[in-house]
Amino acid sequence: MPQLALYTFGVLKSPLADPRPLTREFYDIGAAVYRKISRHPGYLAHAEAADGDQGELFGADWGAWGEFAVPAWYGKGRTVETTALAATLSLWTDLRPAFDAIYTGLHREALNRRYDWFERTGHPNHVFWWVADDVIPTWQDGVSRLEHLHAHGPAPHAFTFHHAFTPDGTPTRTKATGPKGDPS
């Protein structure tokens, strides 16, 4: 049975290493959100650095998830001191569980604060695609799909909650996907 891959990407207003309270708050909330989401029904797995170091993204060993990659429009730093981004790569059983995890609870609270932490880039901040159940998506897959979504709009190859597709490529709508006014 196919699995749903999700890649998220955002450009932070300040580097992750910034000691200011707002940056620390984002980092702390992010850790709590991951703990909560990893227990959500329908969640399967997410990319984690093999050594558990969350501070280094570009040089970390991501195992089967591949070498860390970012979209071409990311123009900030790539060192531990200058990296100003947040990215996730995860696997889900279906759209509904992913939607429920993202738009409820602690993650929803964090989404409500996203403009405190993230720049508005004019680019999509998430993309979905279906993979075979024995496939682990890579960071480069996520970047490629996000860039495709930005350039060509939603399609079975790369889509959003609002414009979703089934594994066979049929357009689908899940009731209440994407909060009103949220550009999914």
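Only a predicted model underlies this, so the values are computations on that prediction, with no experimental measurement involved. Residue numbers count from 1 along this sequence.
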Note to self: What I want to find out is whether Asp100 reaches Arg96 closely enough, with some N-O distance under 4.0 Å, to be called a salt bridge.
What the structure shows: yes

Check: Considering only heavy atoms from C-beta outward, does the side chain of Arg113 approach that of Glu25 to under 4.5 Å?
Finding: yes

Check: Taking it one step at a time, do Phe58 and Val70 satisfy side chain to side chain contact (heavy atoms under 4.5 Å, CB included)?
Finding: CA-CA 9 Å; Phe58 291 96; Val70 295; 3.8 Å; yes

Next item on the list: Look only at the side chain of Arg114 and the backbone of Leu111, and say whether a donor-acceptor pair between them is shorter than 3.5 Å.
Entry: yes

Item checked: Within-4.5 Å side-chain heavy-atom neighbours: Leu4 and Thr93 -> no

Next item on the list: Keeping the roles fixed (side chain from Thr23, backbone from Leu16), state whether a donor-acceptor pair exists under 3.5 Å.
Entry: no

Next item on the list: Mind checking the CD1-CG spacing from Ile136 to Leu91? Nearest 0.5 Å is all I need.
Entry: 7.5 Å

Next item on the list: Answer yes or no: is there a side-chain heavy-atom contact under 4.5 Å between Pro124 and Thr160?
Entry: no

Next item on the list: Please assess Leu6 against Ile102 for the test side chain to side chain contact (heavy atoms under 4.5 Å, CB included), listing each intermediate value before the final yes or no.
Entry: CA-CA 11 Å; Leu6 168 61; Ile102 291 166; 3.6 Å; yes

Item checked: Non-hydrogen side-chain atoms of Tyr7 and Asp141 separated by less than 4.5 Å -> no

Notebook entry, point to check: Minimum heavy-atom separation for Pro167 to Pro2, with atom names?
Noted result: CB-CG, 3.7 Å

Note to self: Testing the basics here: between Ala49 and Ala60, what is the closest heavy-atom pair and its distance to 0.1 Å?
What the structure shows: CB-CB, 3.9 Å

Notebook entry, point to check: Does a side-chain heavy-atom distance below 4.5 Å link His148 with His157?
Noted result: yes

Notebook entry, point to check: Is any side-chain heavy atom of Leu44 closer than 4.5 Å to a side-chain heavy atom of Gln3?
Noted result: yes

Margin query: I'd like to know if the side chain of Thr170 and the backbone of Thr166 have a donor-acceptor N/O pair within less than 3.5 Å.
Written below: no

Notebook entry, point to check: If every non-hydrogen atom of Ala164 is compared with every non-hydrogen atom of Phe159, which pair is closest and at what distance?
Noted result: CA-CD1, 3.6 Å

Margin query: If you define the side chain from C-beta out and look only at heavy atoms, does anything of Ser14 sit under 4.5 Å from Arg20?
Written below: yes

Margin query: I'd like to know if the side chain of Arg24 reaches the main chain of Asp18, judged simply by a donor and an acceptor atom lying under 3.5 Å from each other, with no hydrogens or angles considered.
Written below: no

Check: Donor-acceptor pair, Tyr27 side chain versus Ala17 backbone, under 3.5 Å?
Finding: no

Check: Can any side-chain N or O of Thr83 pair as donor or acceptor with the backbone N or O of Thr79 at less than 3.5 Å?
Finding: yes

Check: Sub-3.5 Å donor-acceptor pair from the side chain of Trp117 to the main-chain atoms of Gly10, do we have one?
Finding: no

Notebook entry, point to check: Rounded to the nearest 0.5 Å, how far does NE2 of His123 lie from CH2 of Trp73?
Noted result: 5.0 Å

Notebook entry, point to check: Does the pair Thr88 and Tyr34 meet the rule for a side chain to side chain contact (heavy atoms under 4.5 Å, CB included), with working shown?
Noted result: CA-CA 10 Å; Thr88 67; Tyr34 254 121; 2.9 Å; yes

Next item on the list: Please confirm whether Tyr43 and Trp92 have ring centers closer than 6.0 angstrom.
Entry: yes

Next item on the list: Report the distance from atom CD of Glu56 to atom CZ of Arg78, rounding to the nearest 0.5 Å.
Entry: 13.5 Å

Note to self: For a side chain to side chain contact (heavy atoms under 4.5 Å, CB included) check, start with the C-alpha distance between Trp129 and Phe165, then their side-chain angles and the critical distance, and finish with the verdict.
What the structure shows: CA-CA 8 Å; Trp129 70 100; Phe165 294 84; over 6 Å; no

Next item on the list: Mind checking the CG-CZ spacing from Leu89 to Phe68? Nearest 0.5 Å is all I need.
Entry: 9.5 Å

Check: Taking the six-membered ring for Trp, are Trp139 and Trp65 ring centroids under 6.0 Å apart?
Finding: no

Item checked: Tyr115 six-ring face occupied by Arg120 cation (under 6.0 Å, within 45°) -> yes

Margin query: Using the ring centroid of each side chain, check whether Phe161 and His126 are separated by less than 6.0 Å.
Written below: yes

Next item on the list: Taking all non-hydrogen atoms of both residues into account, name the closest pair between Ala87 and Phe9 and its distance.
Entry: CB-CD1, 4.0 Å

Notebook entry, point to check: Arg145 versus Phe128: any side-chain heavy-atom pair under 4.5 Å?
Noted result: no

Next item on the list: Report, as yes or no, whether the 6.0 Å neighbourhood of atom NZ on Lys13 holds more than 12 heavy atoms from other residues, nucleotides or ligands.
Entry: yes

Notebook entry, point to check: Can you name the nearest heavy-atom pair linking Leu149 to Ala158, along with the distance?
Noted result: CD1-O, 3.7 Å

Checklist line | Gap separating the CD atom of Glu109 from the NZ atom of Lys36, nearest 0.5 angstrom | finding: 10.0 Å

Checklist line | Salt-bridge criterion met for Lys76 and Glu119 (N-O under 4.0 Å) | finding: yes

Check: Where the side chain of His46 meets the backbone of Ser90, is there a donor-acceptor pair that is under 3.5 Å apart?
Finding: no

Check: Where is the tightest heavy-atom contact between Ala69 and Gln140, given as atom of each residue plus distance?
Finding: CB-OE1, 3.5 Å

